[in-house]
Each structure stands twice: as C-alpha cells, then as structure tokens.
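Beneath this line is the structure, given in structure tokens, with notes to follow.
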Amino acid sequence: MEMRRHGSPRDDAYWVNFVTNLSGSALACYPTSGWTPKSSMQRPRHVIACDGAKSEVRKDLGIECEGEDGYETMMTIHFNADLRPVVKDRVGMLHWITDPACSGGLGLNSGIADAHNLVYKITAVHQGWAGDSILDSYDADRRQIALVNSAQSVKNGKKIFSFLKALGTAGIDDVEKARDNLHKSIHDPAKQDMIAREVESQREHFDNLEIHIGYVYGDKEAPAHASKYTPKFVAGARTPHAWIKPLGACFSDDISPLDVSYVKEFTASGVASRQYSTLDLCGMDAFTLLVSRADPWRLKFEELQAALSRRNIKAQLWVANVDFEFNDAKQKLLFETSGGFAAGGALLVRPDQHILQCSSVETTLEELEAVILGHLGL
C-alpha cells in the first residue's frame, strides 16, 4: 500500500491506494485518524468509483464505456477527453458516478446528482431499511441522465468551436493574430447579424437548467431544449423549488437560512423572502409527505409512520399553511394547480428530493406504504 500527501491545506488529507477483488472478501487499507504510519484493515461492502471515463479499474474489469463517440470538446480551454462517463454494468459492490472533470462542464453537476441518488440507497442498505435491489435503481435512474448530458456537451463544443472559427480565432497558434482577427470580426458591419445569431445559438451552453434539474427518472427522451426549464409534478421529477416561510418551529432550527443579500437587485423584503425552499423540507434520511391540508393527511401519516417505524424507516409530514406558507404567489399557484394542492393532494418525496408519488385524497395508507416499500426493495 502506498500513501501520498494530497497537497491540500488539511493535515488529514491523503491519497490512499487499496486493493480489493470487488467481491466483498478482500480487505481495504486506509490511514487511521491523525496520521501515523499505521493502517487499518476493513472489509468494504461497496466502492464508489469516481475515477472518470479513463478509469483503469473499469478497464481491468473489462467494462466498456457507453455513450457519445466524441473525444474533443472546446470550452474556455482546448483539451482531449473521453466524454462517455457511464460504464455499461455495475460489478458486484462497485458503483460509478460521473467524473466532475468530464462532459464539458456538465460533469460536476452530474457527479453531484449521481452521489445524491446513490448515497441514500447505500445508507439504507447498510442500516437495514432497504433491500439490495434498490442499488440496481441507481443505474436505471442515472444512466440516461449521463448520456443526455454527455451528448449535450458534445453539442455545446461543436457549436462554440464553429462560432470561434467564424470569428477567425480557431486553430491559430499565434495569439496576437487570433486577437486581431477577433477585433476585426466584431467590428465588421457585415458580420453583426451572424454574430448575433451565433451568440443566441450558444444559449443551451450557458443557460441549461432543464438539463441540470428538469430531468425525470425513467424518462428516456432528451429534453427538446436545455434552456427551457419547466417544474414537473410527476414521479421521478425533482421536487419543484418554491420559496417558503416556516411557521412555528418547523425545520428552521435545524437548517440555516439562505443569505442572498449579495444579489444587489433584491430589496430587503426580497432577501427575507428567499431564506427557505420547499427543498429544505425534504429529509436526507427520510421519506417526506408534503400535503396541502391537515385533513385527511395527518391521520393517514400517523398510521403510515407507525407502520414504517417497525422497519426502521423514517418519515416526516409538512402541512401547507400550518408548518409553512408560500412566499411567492406564482409558485403557490403552481403547487395548487400542477401539484394538486388545490384538490387536497400531496407529494411523497424520496430522501434525494425526487418525487416518489403524486398522491390524491383518495390515496390510501396501504398504497402509500406499498410504494415506499416497493422503492426500497422490501
């Protein structure tokens, strides 16, 4: 085993190399707390691979990459990269998340969302409130997202390189020559319409919220336009954000308020109204029921909570206009209409903030319990 200093200001940061046969029977090595030459031996149940599309681990296991065939992309710098971040199979206890350095700038958000999806599932298995089959849902959820994002990355790279070529700056080693060409192009009256069209064509490159949070797990279609984000109230979608005000104790004691005072365009009241989100209501280790009114949901929830607690599954309930209220009238209307709150509906949310079920007042306790146990593989 070899250990090397990470090069960070943290005294406890180290590179750690370990060997495992990925079957769960081999031992992993890592430094004990407070660096000493000693090592500690553990039996890992799961390994999360974060070593990217050029992973040597993947190659050694004979797992091929899947996705885009593009190898070259252009952002603010020019580099060569394999943009196919998702491997074809999950081997034993090995799970793959997107390399933040890949996908032409989309990799970081993809990798964070990969981990967000996977970690609560591994936690649930380790703590005994989910079956092993829930780990298979990671691939079902995240593979399509990675493929869409890598394809968007290639599309972005081709568009911006084409634009730079039209400006006379691409493929020129002489920086001064490239700068001179750029200056001439942007001041050429004959090129103004072309420049305006090309700038607009880059919108999906920099304004792409639909790619980052507009996806729906289980949906195999790529978004029609990366810039046109629409909140969605369907199973598999990320719970739509809305600014809220906690009423009573609620959750505000556990979650620090967001400070957006750095946005100079916001008034004092605008800053105050943007401290908490509906996403803050979602527990990281619990299923959350967001409901439009107390009756009949409170009684159903109490019975549901009692049933789930026998399996060590946590659940929490938040009632609109009792535990929290919406700060924005348009966002409130969205939850009332698309979210079903006006008809007395509810949203059952997974620990990763994605909707598990859009429930109506007719939804029974047994149906709520069944959808949760089914998701957990129990």
Side-chain angles (χ1 to χ4, degrees), residues 112-121 123-124 129-130 134 137-138 140-142 145 212-219 230-244 246 250-252 254-255 276-294 297-298 300-305 307-309 311-326 331-332 334-341 343-361 363-365 367-378:
I112 291 173
D114 285 347
H116 198 199
N117 181 285
L118 177 60
V119 170
Y120 90 87
K121 295 174 180 178
T123 300
W129 47 281
I134 193 177
S137 70
Y138 168 66
D141 284 348
R142 296 299 305 171
I145 311 306
H212 292 300
I213 64 172
Y215 53 81
V216 177
Y217 290 147
D219 187 353
T230 56
K232 302 171 183 66
F233 291 89
V234 295
R238 183 176 185 260
T239 302
H241 152 77
W243 295 114
I244 60 172
C250 193
F251 58 89
S252 57
D254 300 321
I255 299 177
Y276 296 100
S277 166
T278 46
L279 295 169
D280 293 324
L281 297 169
C282 305
M284 293 184 292
D285 62 347
F287 289 88
T288 301
L289 196 61
L290 303 179
V291 304
S292 53
R293 58 194 186 210
W297 291 108
R298 194 176 296 280
K300 287 183 183 181
F301 174 77
E302 290 173 355
E303 295 175 348
L304 174 67
Q305 189 177 43
L308 295 178
S309 64
R311 295 176 178 266
N312 198 32
I313 303 170
K314 296 180 182 179
Q316 57 182 9
L317 173 74
W318 301 118
V319 184
N321 301 316
V322 175
D323 298 312
F324 69 95
E325 64 181 13
F326 293 99
Q331 293 175 338
K332 179 181 180 181
L334 183 68
F335 271 76
E336 288 178 343
T337 54
S338 300
F341 275 29
L347 300 176
L348 180 60
V349 184
R350 303 170 3 172
D352 65 349
Q353 301 178 340
H354 281 256
I355 297 172
L356 183 59
Q357 184 187 70
C358 297
S359 308
S360 69
V361 289
T363 301
T364 65
L365 161 68
E367 289 171 335
L368 291 171
E369 183 180 8
V371 73
I372 291 175
L373 297 183
H375 174 67
L376 295 174
L378 296 174

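Keep in mind the model is a prediction, meaning the values are calculated, not measured.
Checking side-chain atoms of Trp297 against main-chain N and O of Gly344 turns up a donor-acceptor pair under 3.5 Å. For Lys314 (side chain) and Met284 (main-chain N/O), no donor-acceptor pair under 3.5 Å exists by modelled atom type. Between the Thr364 side chain and the Glu367 main chain, a donor and an acceptor come within less than 3.5 Å of each other. Side chain of Lys232 to backbone of Thr230: a donor-acceptor contact under 3.5 angstrom is found. In this structure, Asp323 contributes its side chain and Val319 its backbone to a donor-acceptor pair below 3.5 Å. Judged by distance alone, the side chain of Ser292 and the main-chain N or O of Glu336 form no donor-acceptor pair under 3.5 Å. A donor-acceptor contact shorter than 3.5 Å links the side chain of Asp280 to the backbone of Ser277. Listed for the Trp318 side chain is a donor-acceptor partner under 3.5 Å among the backbone atoms of Leu281.
Residues Arg350 and Tyr120 form a side-chain contact, since some pair of their non-hydrogen atoms from C-beta on lies under 4.5 Å apart. Side-chain contact between Val349 and Phe287: absent, with no pair of heavy atoms (C-beta onward) separated by less than 4.5 Å. Using a 4.5 Å heavy-atom threshold, the side chains of Val119 and Asp352 count as separate. Residues Asp285 and Pro351 form no side-chain contact, since every pair of their non-hydrogen atoms from C-beta on lies 4.5 Å or further apart. Two residues are said to be in side-chain contact when any heavy atoms from C-beta on lie closer than 4.5 Å; Leu378 and Arg311 meet this criterion.
Residues Tyr217 and Ile145 come closest through the heavy atom pair CE2-CG1, 4.1 Å. Contact detail for Arg293 and Val361: the closest heavy-atom pair is NH2-CG1, 3.8 Å. Contact record, Val322 with Arg298: CG1-NH2, 4.1 Å, taken as the closest heavy-atom pair. For Gly339 against Phe233, the heavy-atom pair with the smallest separation is CA-CD2, 3.4 Å. Residues Gln331 and Ala242 come closest through the heavy atom pair OE1-CA, 3.3 Å. In terms of heavy-atom proximity, Val216 sits nearest to Ala235 at CG1-O, 3.5 Å.
Interatomic distance, CG of Leu347 versus CD1 of Ile355, reported as 5.0 Å (0.5 Å rounding). Taken from CG in Leu290 to OG1 in Thr239, the straight-line distance is 6.5 Å, to the nearest 0.5 Å. Once rounded to the nearest 0.5 Å, the distance linking CG of Leu373 with CD1 of Ile313 reads 5.5 Å. Separating the CG atom in Leu368 from the CD atom in Gln305 is a distance of 13.0 Å, to the nearest 0.5 Å. In this structure, the separation between CZ on Arg238 and CD1 on Ile213 is 4.5 Å, given to the nearest 0.5 Å. Distance CG/Leu308 to CD/Glu369: 6.0 Å, rounded to 0.5 Å.
A ring-centre distance under 6.0 Å is found for Tyr215 and His354.
Counted by atom type alone, Gln316 and Thr288 present one or more donor-acceptor pairs between their side chains at under 3.5 Å. A donor and an acceptor atom, one from each side chain of Lys121 and Thr123, are nowhere located under 3.5 Å apart.
Among residues two or more places apart in sequence or in another chain, the ring-ring contact (aromatic ring centres under 6.0 Å, His included) test is passed with Phe326 by Phe324, Phe335.
Within 6.0 Å of NZ in Lys332 there are 12 or fewer heavy atoms belonging to other residues, nucleotides or ligands.
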